Colleague: 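A single structure is presented below for examination.
This is a predicted model, so every value here is computed, not measured. The basis for the numbers below is simple: all heavy atoms, side chains too, and nothing from hydrogens, waters or symmetry mates. Whatever order the structure lists them in is the order used to number ligands and atoms, beginning at 1.
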Amino acid sequence: MKKNKSIVILTLMLALLFILSGCKPQNLRLVKEVEFVLGTLGQIHVYSESEKQGTQAIKNAYTRIRNIENMMSTSIEGSDIFLLNEYAGDQQVNVDQETLYVINRGLLYYDLTEGDFNIALGSLINLWSIGKDTARVPSHEEITEAMKHTNISDISIDNQTVIIKDANMRIDLGGVAKGYAVDEAIKVLRSEGITSGLVNLGGDVYALGNKSDGTPWNVGIQDPELGSGVIGSVPLVDKSIVTSGDYERYFMEGDVRYHHIIDPKTGYPVQNNLRSVTIISDLSIDGDVLSTAIFIMGVDKGMALIESLDNIEGIIITSEKEIYASSGIKESIKISDNRYKLREF
Ligand code: AMP
Ligand code: MG
């Protein structure tokens with residue numbers, strides 16, 4: 001009798017578990033919103049219990065992203081970065097705690113990447129103006145001159161005040177702020193009770209939880225040749241995946257592609273055989289910085305750096321259609337385009 005009773009209870013429990021896990025996907029609805037933020041088309045998808053909950057969560061996430069943009073944009077008048085640049089060589093600026101955090105991450109990564117990632121490249125970035133109507137190939141003299149004003153030690157921090165000591169230096173957080181914004185948007189979604197979703201800010205993606213059917217998100221790796229379509233995908237749960245590619249913002253002159261990732265050593269857009277670098281990490285801020293920096297480093301140095309860092313995986317695609325994947329991701333990456341080949345390094 002006792003045995004029978006426990007079997008009944010166990011059966012009921014299993015049935016309940018089955019009902020719960022079977023029901024959940026049907027009850028959850030997919031809500032998506034696209035908005036132009038941080039100079040890119042943002043996409044947020046969430047699975048939520050009601051359309052209302054999903055819409056509200058997404059709205060709050062975009063509000064948070066705009067709030068970050070209003071602090072860290074170089075072009076929005078009155079932003080912390082706008083004021084820092086405006087008062088360069090002149091006055092110190094009291095910046096928000098968050099701007100300070102992102103600046104400090106930038107400084108930290110300058111050391112880790114031996115200067116390849118440099119938030120003090122603003123003058124050079126403005127000179128090239130890649131992605132703007134005014135983009136052009138500057139003269140060697142202009143580049144040499146702009147490069148004189150990229151010395152990161154001219155950024156001086158005292159508590160919450162910052163000053164750029166060099167009047168001609170400009171800070172640009174374009175290689176790091178989007179990642180930070182993705183992390184913060186995910187925090188907002190979580191606080192709104194969302195456990196499944198996807199945030200994409202122009203190639204800075206975070207896969208929150210599992211898909212509604214309980215399986216991992218399969219995040220596509222863009223085909224760098226076409227700038228659209230995918231060459232494969234990776235299964236991800238609660239991970240950031242950020243890609244930097246030379247197809248994102250660029251102009252062509254003759255056969256040369258002038259793109260938005262600037263090599264601080266030359267002052268020119270990096271010219272190597274890399275087409276894209278994808279970084280998988282827990283935080284998008286780290287992936288954002290590393291994808292940009294490793295694009296500059298190239299395959300050997302870049303893969304060595306990825307392998308040396310904990311909880312960081314990476315995928316590099318070259319112009320020869322070779323794919324290099326770090327040890328922790330090699331087994332799970334699915335390549336769907338047979339023109340691309342996985343190579344050992
Ligand atoms: P991403 O799209 O994340 O690869 O970042 C590219 C953006 O970062 C550019 O549009 C610039 O605003 C900025 N950037 C370009 N080169 C560098 C660099 N070497 N270090 C730091 N930021 C950079
Ligand atoms: Mg980046």
Colleague: Would Ser139 and Glu142 count as having a side-chain donor-acceptor pair, cut-off 3.5 Å?
Modeller: yes
Colleague: Show the atoms of ligand 1 that are less than 4.0 angstrom away from any heavy atom in Leu121.
Modeller: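 Counting from 1, the qualifying ligand atoms are 17 (C), 18 (C), 19 (N), 20 (N).
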Colleague: Assess whether atom CD of Glu77 is packed by more than 12 heavy atoms of other residues, nucleotides or ligands within 6.0 Å.
Modeller: no
Colleague: Starting from atom 20 (N) of ligand 1, which protein heavy atom do you reach first, and at what distance in Å?
Modeller: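 Atom 20 (N) of ligand 1 sits closest to the protein heavy atom Asn118 N, 3.0 Å.
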Colleague: May I ask which of Val242, Asp116, Ile125 has a heavy atom nearer to atom 11 (C) of ligand 1 than the others do?
Modeller: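 Shortest heavy-atom distance from atom 11 (C) of ligand 1: Ile125.
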Colleague: For Ser291, is at least one N or O under 3.5 Å away from an N or O on ligand 1?
Modeller: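 Among all N and O atoms of Ser291, none is under 3.5 Å from an N or O of ligand 1.
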Colleague: Closer than 2.8 Å to the Mg ion (ligand 2), do we get an N, O or S atom from Thr292, backbone or side chain?
Modeller: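 Within the cut-off used here (under 2.8 Å), Thr292 does place an N, O or S atom near the Mg ion (ligand 2).
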Colleague: Starting from atom 9 (C) of ligand 1, what is the nearest protein heavy atom, named by residue and atom, and what distance separates them?
Modeller: His260 O, 3.4 Å
Colleague: Going by atom types alone, do Glu192 and Asn60 pair a side-chain donor with an acceptor below 3.5 Å?
Modeller: yes
Colleague: Can you list the ligand 1 atoms lying under 4.0 Å from a non-hydrogen atom of Arg249?
Modeller: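 This gives 10 (O) as the contact atoms.
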Colleague: Any idea which atoms of ligand 1 are less than 4.0 Å away from a heavy-atom of Ser244?
Modeller: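 Those atoms are 1 (P), 3 (O), 4 (O).
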Colleague: Looking only at distance, does Ile262 have an N or O less than 3.5 Å from an N or O of ligand 1?
Modeller: yes
Colleague: Any idea how Tyr101 and Tyr180 line up, ring-wise: parallel (<30°), tilted (30 to 60°), or perpendicular (>60°)?
Modeller: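 Tyr101 and Tyr180: tilted rings.
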Colleague: Are there more than 12 heavy atoms of other residues, nucleotides or ligands under 6.0 Å from atom NZ of Lys165?
Modeller: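 Yes - once you tally the heavy atoms of other residues, nucleotides and ligands closer than 6.0 Å, there are more than 12.
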Colleague: Considering Asp246, Thr292, Asp263 one by one, which has a heavy atom nearer to atom 1 (P) of ligand 1 than any of the others?
Modeller: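 Residue with the shortest heavy-atom distance to the ligand atom: Thr292.
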Colleague: Check whether any N or O atom of Lys178, backbone or side chain, sits under 3.5 Å from an N or O atom of ligand 1, and answer yes or no.
Modeller: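 Lys178 vs ligand 1: no N/O contact under 3.5 Å.
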Colleague: Going by the atom numbers of ligand 1, which of them fall below 4.0 Å from some non-hydrogen atom of Asp288?
Modeller: 3 (O)
Colleague: Looking at residues at least two apart in the chain, or sitting in another chain, which of them share a side-chain hydrogen bond (donor to acceptor under 3.5 Å, both in side chains) with Glu35?
Modeller: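 Partners of Glu35 under the side-chain hydrogen bond (donor to acceptor under 3.5 Å, both in side chains) test: Arg66.
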Colleague: Can Glu114 and Met297 be said to form a side chain to side chain contact (heavy atoms under 4.5 Å, CB included), step by step?
Modeller: CA-CA 10 Å; Glu114 294 168 354; Met297 290 176 193; over 6 Å; no
Colleague: What residue and atom, counting heavy atoms only, is the protein's closest point to atom 12 (O) of ligand 1, and at what distance?
Modeller: Asp172 OD1, 2.9 Å
Colleague: What atoms of ligand 1 come within less than 4.0 Å of a heavy atom belonging to Ile296?
Modeller: 19 (N)
Colleague: Taking only residues at least two apart or on different chains, which pairs with a member in residues 237-270 satisfy ring-ring contact (aromatic ring centres under 6.0 Å, His included)?
Modeller: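 For residues 237-270, and leaving out neighbouring residues, the ring-ring contact (aromatic ring centres under 6.0 Å, His included) pairs sorted by first residue read Trp128-Tyr258, Trp128-Tyr268, His140-Tyr268, Phe251-Tyr258, His259-Phe295.
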Colleague: Output yes if Asp288 passes the N/O/S-under-2.8 Å test against the Mg ion (ligand 2); output no otherwise.
Modeller: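 Yes - counting backbone and side chain alike, Asp288 has an N, O or S atom under 2.8 Å.
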Colleague: To the nearest 0.1 Å, how far is atom 22 (N) of ligand 1 from its closest protein heavy atom, and which atom is that?
Modeller: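 Among all protein heavy atoms, the one nearest atom 22 (N) of ligand 1 is Phe117 CE1, 3.8 Å.
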Colleague: Under 3.5 Å, side chain of Asn168 to main-chain N/O of Ser123, donor-acceptor pair present?
Modeller: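 No: the side chain of Asn168 does not pair with the backbone of Ser123.
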Colleague: For the side-chain contact (heavy atoms from CB on, under 4.5 Å) test, which of Ile279, Asn200, Asp204, Ile221 pairs with Ile241?
Modeller: Ile221
